[in-house]
Amino acid sequence: MDLSLSARVEQGPWGDRSVVEVAGEIDVYTAPKLREQLVEIVDAGQYHIVVDMHGVEFLDSTGLGVLVGGLKRVRQHDGSLRLARVQERILKIFRITGLTKVFPIHDTVEDAVGAQ
């Protein structure tokens, strides 16, 4: 399975948030595509990102590394990277790796966009 991405900007109570919808598998082959998208958003001056992971079927360590790298990139600009609509089997990976303590994870995109 391939990876599909789409990005949009949503207005939240704390300002604009870039929302990236991700679907498919985030693995060693497709993760560079996600990395590129996150870099483009940050380079465009958007430092608050919500990654909508509802359509993610698989996530490996390379994918986790891209998300952590994106988080580091936005934090250099006092930004944030939040995850939304993470399926239970993917959420389990975040729990096992302890990354639930690093990433704010929200049930809905609206909650993530509205968070400070």
Side-chain angles (χ1 to χ4, degrees):
M1 179 175 264
D2 200 13
L3 181 71
S4 67
L5 301 169
S6 66
R8 66 182 186 278
V9 175
E10 287 195 16
Q11 179 64 41
W14 309 105
D16 288 346
R17 302 288 190 252
S18 291
V19 178
V20 180
E21 287 185 39
V22 185
E25 297 181 354
I26 308 173
D27 59 21
V28 69
Y29 302 106
T30 61
K33 189 174 175 182
L34 177 58
R35 178 183 295 116
E36 216 173 89
Q37 180 76 65
L38 295 175
V39 168
E40 283 178 21
I41 290 169
V42 173
D43 287 350
Q46 293 288 327
Y47 307 127
H48 296 282
I49 301 172
V50 174
V51 180
D52 180 354
M53 299 186 61
H54 179 70
V56 175
E57 300 293 326
F58 177 81
L59 176 71
D60 72 3
S61 60
T62 307
L64 286 174
V66 166
L67 291 171
V68 169
L71 179 62
K72 287 180 182 178
R73 187 176 296 274
V74 295
R75 282 188 174 169
Q76 290 174 346
H77 302 279
D78 294 321
S80 63
L81 193 150
R82 300 173 179 279
L83 306 178
R85 302 194 319 154
V86 182
Q87 294 186 39
E88 185 58 39
R89 67 177 170 270
I90 303 296
L91 190 55
K92 188 174 182 180
I93 296 166
F94 284 91
R95 287 189 192 114
I96 290 169
T97 58
L99 289 173
T100 53
K101 295 179 177 109
V102 176
F103 287 100
I105 300 174
H106 300 270
D107 291 335
T108 68
V109 172
E110 293 77 20
D111 287 348
V113 168
Q116 186 174 8

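If you're wondering where the values come from, they're calculated on a predicted model, not measured in any experiment. Heavy atoms only: backbone and side chains are in, while hydrogens, waters and symmetry mates are out.
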Q: Check I41, V42, L38 against V74 for a side-chain contact (heavy atoms from CB on, under 4.5 Å) and give me the one that passes.
A: V42

Q: Does the side chain to side chain contact (heavy atoms under 4.5 Å, CB included) test come out yes or no for V66 and I26, once each step is laid out?
A: CA-CA 9 Å; V66 166; I26 308 173; 5.6 Å; no

Q: Quick one: list whatever passes ring pair (Phe, Tyr, Trp, His ring centres under 6.0 Å) with H77, sequence neighbours left out.
A: Y47

Q: For the CD atom of E36 and the CG atom of L5, what is their distance to the nearest 0.5 Å?
A: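 Rounded to the nearest 0.5 Å, the CD-CG separation comes out at 9.5 Å.
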
Q: Which heavy atom of F103 sits nearest a heavy atom of V68, and at what distance?
A: CZ-N, 3.7 Å

Q: Indicate the atoms forming the closest heavy-atom contact of T62 with A31, along with that distance.
A: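 Looking at all heavy atoms of both residues, the closest pair is CG2-CB, 3.6 Å.
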
Q: How long is the gap from CG on D2 to OG1 on T30, to the nearest 0.5 Å?
A: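 Going from CG on D2 over to OG1 on T30, the span is 7.0 Å.
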
Q: With a 4.5 Å cut-off on side-chain heavy-atom distances among I, L, V, M, F, W and Y, is there a chain of contacts connecting V50 to L83?
A: no

Q: Taking side chain to side chain donor-acceptor pair (under 3.5 Å) as the definition, give me every residue that meets it alongside S61, ordered by chain and number, with sequence neighbours left out.
A: none

Q: Of all the heavy-atom pairs spanning L67 and L81, show the shortest one and how long it is.
A: O-CD1, 4.2 Å

Q: Verify the cluster assignment for V56 and L91: are they in a single hydrophobic cluster under the rule of side-chain heavy atoms below 4.5 Å apart?
A: yes

Q: Could you list the residues that satisfy side chain to side chain donor-acceptor pair (under 3.5 Å) with Q11, not counting sequence neighbours?
A: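 Not a single residue meets the side chain to side chain donor-acceptor pair (under 3.5 Å) criterion with Q11.
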
Q: Indicate every side-chain donor-acceptor pair of residues 106-116 with a distance under 3.5 Å to a residue at least two apart or in another chain.
A:
| residue | atom | partner | partner atom | Å |
| --- | --- | --- | --- | --- |
| H106 | NE2 | R82 | NH1 | 3.1 |
| T108 | OG1 | D111 | N | 2.9 |
| T108 | OG1 | D111 | OD1 | 3.4 |
| T108 | OG1 | D111 | OD2 | 3.3 |

Q: For the side chain of D52 and the backbone of V19, is there at least one donor-acceptor N/O pair under 3.5 Å apart?
A: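 Such a contact is absent between D52 side chain and V19 backbone.
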
Q: Please name all residues satisfying side chain to side chain donor-acceptor pair (under 3.5 Å) with R89, sequence neighbours left out, ordered by chain then number.
A: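 E57, Q87.
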
Q: Could you tell me which non-hydrogen atom of H48 sits nearest to which non-hydrogen atom of S80, and how far apart they are?
A: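 Reported closest heavy-atom pair: ND1-OG, 2.9 Å.
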
Q: Under 4.5 Å between any side-chain heavy atoms of D27 and L3, yes or no?
A: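 SC-SC contact between D27 and L3 ruled out.
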
Q: Testing E10, Q46, Q37 for side-chain contact (heavy atoms from CB on, under 4.5 Å) with S18, which one passes?
A: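 Testing S18 for a side-chain contact (heavy atoms from CB on, under 4.5 Å) against E10, Q46, Q37 leaves exactly one candidate, Q46.
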
Q: Rounded to the nearest 0.5 Å, what separation is found between the CZ atom of R73 and the CZ atom of R35?
A: 9.0 Å

Q: Give the cluster check for I105 versus V51: same hydrophobic cluster or not, with ILVMFWY residues linked at side-chain heavy-atom distances below 4.5 Å.
A: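 Yes, one cluster joins them.
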
Q: For a quick test of reading the model, state the closest non-hydrogen atom pair linking V102 to L71 and the distance between them.
A: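 Residues V102 and L71, closest heavy atoms: CG1-CD2, 3.3 Å.
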
Q: What pairs of donor and acceptor atoms, side-chain ones from residues 94-101 against any protein atom, are under 3.5 angstrom apart with sequence neighbours left out?
A:
| residue | atom | partner | partner atom | Å |
| --- | --- | --- | --- | --- |
| R95 | NH1 | E88 | OE2 | 2.6 |
| T97 | OG1 | I93 | O | 2.9 |
| T97 | OG1 | F94 | O | 3.3 |

